[in-house]
Amino acid sequence: MTVARTGSYAMYDIQLFGRLEVRTRGVRLTGRDFGGVKPRHILALLALRGDLHKAELAELLWGGRPPANHQATVESYVSLLRHRLDPDGQTRDSVITTRNGGYALVADQVRVDVARFDELVAAASGRTAGRALRPLTAAAHVAARPLLEDVEQHDWANQARERYRARLVATLLDAGGHALTAGDPREALALADRAVGLDPVAERGWAIAMAAHRLTGDRVAALRAYDRCRRELAEGLGVEPSSRTRALFLELLREDGTGTPLELAVTAVLAAAGEEHRPESVSGLLRRAAELAA
């Protein structure tokens with residue numbers, strides 16, 4: 001939980017998606033500007049988690065094995081971080097406040113992109129497709145880069161990255177579904193492609209892509225999306241596509257209402273092989289098969 005404060009103070013825009021960055025008073029702080037690795041991690045943790053006791057901070061900073069003098073060390077890191085964030089400020093006016101044996105960021109002095117992502121996703125809840133699409137796509141834009149790209153492989157950072165990766169995939173899938181409902185298959189396809197790029201076994205993303213290709217009139221691309229879905233699920237999870245996705249695949253094969261079962265099968269094979277579909281490619285293959293059989 002962050003702390004509120006009244007009065008006129010500097011604002012801090014904290015970016016966690018991508019590299020850790022702070023913008024304040026027209027100044028951009030990154031990397032070594034925070035005074036070292038541990039002060040930088042403290043800032044990231046406070047922005048992610050809110051109030052943290054000194055002992056909890058130490059556990060996170062040293063991976064469960066804090067040094068004997070960790071309390072004094074944490075205090076010195078926070079003091080250094082405060083100075084780097086506001087070189088001319090006083091401790092009592094710092095954006096990092098001391099409370100209940102720990103630290104927190106002052107709520108009305110910070111804007112954190114992760115909090116903005118959460119707000120946009122929450123704003124879409126319960127809305128119609130047309131009204132939900134805008135905040136969801138805005139949230140996806142906020143999370144355009146992976147969380148904390150410049151933070152080393154610590155458990156707390158890895159857990160946060162995975163949590164927001166999963167939330168981003170869900171956001172993209174929801175947005176893609178709404179885009180289909182709103183009649184924008186190209187936007188739906190772009191959102192679905194990004195979702196399966198992050199999570200290749202997200203079957204819903206492949207189904208959205210199939211439906212979007214279908215609406216744009218590119219049946220072969222839809223069939224290829226199904227084949228990719230089938231392979232990703234088999235390799236990643238050892239399962240087949242759901243009955244709903246398979247039903248969409250069969251609808252695509254039968255969609256034009258013409259063609260023998262063999263022609264439909266050839267169309268599917270061509271799609272799976274990545275061959276461009278042309279009417280003559282199917283009919284020519286069938287004629288050649290007939291000639292060979294004669």
Distance-only criterion, 3.5 Å: show the donor-acceptor pairs between side-chain atoms of residues 54-65 and protein atoms not counting sequence neighbours.
unit_1: K54; atom_1: NZ; unit_2: E75; atom_2: OE2; d: 2.7

Determine all donor-acceptor pairs shorter than 3.5 Å in which one atom belongs to a side chain in residues 32-46; sequence neighbours excluded.
unit_1: D33; atom_1: OD2; unit_2: T30; atom_2: N; d: 2.9
unit_1: R40; atom_1: NH1; unit_2: D150; atom_2: O; d: 3.0
unit_1: H41; atom_1: NE2; unit_2: E152; atom_2: OE1; d: 3.1

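The nearest pair of heavy atoms linking A192 to A209 is CB-N, 4.0 Å. Nearest heavy atoms, A211 versus L180: CB-CD1, 3.8 Å. Taking each heavy atom of R131 and R127 in turn, the nearest pair found is O-NH1, 3.3 Å. In terms of heavy-atom proximity, V169 sits nearest to A202 at CG1-CB, 4.4 Å. When all heavy atoms are compared, the tightest approach of L16 to A47 is CD1-CB, 3.9 Å.
In the hydrophobic clustering (ILVMFWY side chains linked at under 4.5 Å, chained through shared members), V239 is joined by V201, L233, L237. L189 shares a hydrophobic cluster with no other residue; no ILVMFWY side chain has heavy atoms under 4.5 Å from its own.
Interatomic distance, R214 CZ to L223 CG, rounded to the nearest 0.5 Å: 10.5 Å. The CG atom of L48 sits 11.0 Å away from the CD atom of Q159 when rounded to the nearest 0.5 Å. Atom-to-atom distance recorded for D193:CG and L172:CG is 10.5 Å, nearest 0.5 angstrom. The CZ atom of R23 sits 10.0 Å away from the CD1 atom of I14 when rounded to the nearest 0.5 Å.
Pairs engaging residues 170-181 under the side-chain hydrogen bond (donor to acceptor under 3.5 Å, both in side chains) rule: D174-R204 [sequence neighbours left out]. Screening residues 196-232 for ring-ring contact (aromatic ring centres under 6.0 Å, His included) gives Y226-F249 as the qualifying pairs, with residues at least two apart or on separate chains. Residue pairs meeting the ring-ring contact (aromatic ring centres under 6.0 Å, His included) criterion with at least one partner in residues 72-127, sequence neighbours excluded, are F17-F117, F117-Y164. Listed by first and then second residue, the side-chain hydrogen bond (donor to acceptor under 3.5 Å, both in side chains) pairs that reach into residues 234-246 are E203-S242, E203-T245, S242-T245, sequence neighbours excluded.
Considering only residues two or more places apart in sequence or on other chains, R163 meets the side-chain hydrogen bond (donor to acceptor under 3.5 Å, both in side chains) condition with none of them. Residues satisfying the salt bridge (Lys or Arg N to Asp or Glu O under 4.0 Å) test with E119, not counting sequence neighbours, are R116. The salt bridge (Lys or Arg N to Asp or Glu O under 4.0 Å) test applied to R228 returns E232, not counting sequence neighbours. Considering only residues two or more places apart in sequence or on other chains, R82 meets the side-chain hydrogen bond (donor to acceptor under 3.5 Å, both in side chains) condition with T98.
More than 12 heavy atoms of other residues, nucleotides or ligands shown are found within 6.0 angstrom of CZ on R167. Other residues, nucleotides and ligands place more than 12 heavy atoms under 6.0 Å from the CZ atom of R145. A 6.0 Å sphere centred on NE2 of H141 holds no more than 12 heavy atoms belonging to other residues, nucleotides or ligands.
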